[in-house]
Colleague: 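Have a look at the structure that comes next, please.
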Amino acid sequence: MAIYTLPELPYDYAALQPVIDAKIIELHHDKHHAAYVKGANDTLEQLAEARDKDQWGAVNGLEKNLAFHLSGHILHSIYWQNMTGEGGGEPLDKDGVGELADAIAESFGSFAKFKAQLSKASATTQGSGWGVLAYEPLSGKLIVEQVYDHQGNVGQGSTPILVFDAWEHAFYLQYKNQKVDFIEAMWQVVNWQDVAKRYAAAKERVNALLLAP
């Protein structure tokens with residue numbers, strides 16, 4: 001039985017136009033995200049078979065595949081919720097997300113500096129990958145990370161709360177090779193209410209990372 005399932009979109013395919021075309025959303029969710037879900041489930045089955053047969057010759061590749069597909073599933077699941085056709089701008093106290101706004105200012109100096117860092121991190125990720133705003137529990141601060149091929153450059157205990165997909169399948173049909181233009185447009189659809197909820201939830205996980213008993 002499948003462990004992971006493809007989540008439904010919280011809006012219709014056209015909800016993010018003109019920033020993201022409906023056809024991109026349809027292909028991205030129904031094909032690409034679905035492939036990560038299938039890949040994660042298939043890899044878990046292969047690992048179960050390896051355990052049953054006590055055959056471990058392929059374990060390195062299987063573990064890497066699991067990380068690739070599972071990270072793809074998790075990041076995309078956040079990505080859909082991070083966006084709304086009524087989003088954009090910046091988090092403000094009058095919109096009920098003042099705590100997030102304060103945390104961004106404390107961690108990066110200002111919203112403008114944070115926006116510049118996340119935009120640059122997203123646009124310059126080596127190969128295919130993501131720009132991520134994450135809560136880092138040891139410092140209690142927000143950090144920007146680069147996730148390339150759903151793998152490295154992340155703090156092991158950090159929790160992603162805002163993700164920008166910089167893989168070509170996220171934008172190429174509409175923006176061609178102009179990744180920077182796509183990243184800049186993404187700021188028009190950020191769902192700050194969702195990001196604020198994720199920030200609050202991440203802060204409450206006080207025992208999520210234990211370095212000592």
Side-chain angles (χ1 to χ4, degrees), residues 3-5 7 32-33 35-48 50-51 56 58-83 91 99-100 102-109 113-167 170 183 186 190-191 194-213:
I3 301 298
Y4 301 107
T5 59
H32 291 281
H33 189 172
Y36 296 126
V37 173
K38 184 179 186 303
N41 286 322
D42 288 350
T43 305
L44 287 177
E45 290 183 4
Q46 293 170 48
L47 284 166
R51 291 192 300 271
W56 301 106
V59 66
N60 285 346
L62 289 174
E63 295 291 358
K64 186 173 183 179
N65 285 344
L66 182 60
F68 176 81
H69 290 297
L70 182 54
S71 293
H73 174 39
I74 291 171
L75 289 167
H76 280 93
S77 297
I78 298 171
Y79 180 66
W80 307 126
Q81 300 292 333
N82 272 171
M83 297 185 291
E99 187 175 0
L100 173 64
D102 291 343
I104 289 174
E106 181 182 354
S107 298
F108 300 99
K113 292 177 180 178
F114 153 67
K115 180 180 178 181
Q117 184 176 345
L118 182 56
S119 294
K120 186 63 68 174
S122 302
T124 62
T125 302
Q126 293 178 341
S128 298
W130 302 70
V132 176
L133 172 66
Y135 175 76
E136 196 285 291
L138 288 185
S139 65
K141 304 280 188 184
L142 295 172
I143 59 174
V144 165
E145 300 176 320
Q146 287 181 321
V147 179
Y148 52 89
D149 288 348
H150 299 162
Q151 304 287 340
N153 274 17
V154 298
Q156 294 304 303
S158 61
T159 300
I161 64 173
L162 173 63
V163 299
F164 278 14
D165 191 343
W167 287 67
I183 297 302
M186 272 291 299
V190 174
N191 185 348
D194 180 70
V195 179
K197 289 177 182 178
R198 294 178 186 279
Y199 172 62
K203 287 206 309 175
E204 290 177 0
R205 297 173 58 206
V206 293
N207 294 320
L209 184 63
L210 297 177
L211 299 186

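Bear in mind that the values here come from a model prediction, so they are computed numbers and not experimental data.
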Colleague: Find the distance between NE2 (His150) and NE2 (His69) and round it off to the nearest 0.5 Å.
Modeller: 10.0 Å

Colleague: To the nearest 0.5 angstrom, please state how far the CG atom of Asp149 sits from the NZ atom of Lys64.
Modeller: 8.0 Å

Colleague: Return the CG to OG1 distance between Asn41 and Thr5, rounded to the nearest 0.5 Å.
Modeller: 8.5 Å

Colleague: Look up atom OG1 in Thr125 and atom CD1 in Ile183, then write down how far apart they are to the nearest 0.5 Å.
Modeller: 8.0 Å

Colleague: Ignoring hydrogens, what is the shortest heavy-atom contact between Ser158 and Pro160? Give both atom names and the distance.
Modeller: O-CD, 3.8 Å

Colleague: Measure the acute angle between the ring planes of Phe108 and Phe114, then classify it against the limits of 30° and 60° as parallel, tilted or perpendicular.
Modeller: tilted

Colleague: Looking at every heavy atom in both Ala103 and Tyr199, which two are closest together, and how far apart are they?
Modeller: CB-OH, 3.2 Å

Colleague: Where is the tightest heavy-atom contact between Ser122 and Gly131, given as atom of each residue plus distance?
Modeller: OG-CA, 3.3 Å

Colleague: For the side chain of Gln81 and the backbone of Asp194, is there at least one donor-acceptor N/O pair under 3.5 Å apart?
Modeller: no

Colleague: Locate the shortest heavy-atom distance separating Pro137 from Gly157; write the atom from each residue and the value.
Modeller: CD-O, 3.3 Å

Colleague: Provide the closest heavy-atom pair for Glu145 versus Asn153 in the form atom of the first, atom of the second, distance.
Modeller: CB-O, 3.7 Å

Colleague: How far does OG1 of Thr43 sit from CD of Glu63, to the nearest 0.5 angstrom?
Modeller: 9.5 Å

Colleague: Going by distance alone, is a donor N or O of one side chain under 3.5 Å from an acceptor N or O of the other, for His33 and Trp80?
Modeller: yes

Colleague: Measuring from atom NZ of Lys115 to atom CD1 of Ile104, what distance do you get when rounded to the nearest 0.5 angstrom?
Modeller: 12.0 Å

Colleague: Partners of Tyr4 by ring pair (Phe, Tyr, Trp, His ring centres under 6.0 Å), sequence neighbours excluded?
Modeller: His73

Colleague: Determine whether Val144 and Lys120 satisfy the following criterion, side chain to side chain contact (heavy atoms under 4.5 Å, CB included), listing intermediate values before the conclusion.
Modeller: CA-CA 10 Å; Val144 165; Lys120 186 63 68 174; over 6 Å; no

Colleague: Are any of the side-chain heavy atoms of Leu75 and Val147 separated by less than 4.5 Å?
Modeller: yes

Colleague: Under the ring-ring contact (aromatic ring centres under 6.0 Å, His included) test against Tyr79, which residue among Trp130, Phe164, Tyr36 passes?
Modeller: Trp130

Colleague: Output yes when a side-chain donor or acceptor of Glu136 lies under 3.5 Å from a complementary backbone atom of Lys141, and no otherwise.
Modeller: no

Colleague: Please find the pair of heavy atoms, one from Val163 and one from Asn82, that lie closest to each other, and give the distance.
Modeller: N-OD1, 2.9 Å

Colleague: What residue among Leu70, Leu44, Val37 forms side-chain contact (heavy atoms from CB on, under 4.5 Å) with Ile3?
Modeller: Leu44

Colleague: Report yes if the side chains of Val132 and Ile78 come closer than 4.5 Å at any heavy-atom pair, otherwise no.
Modeller: no

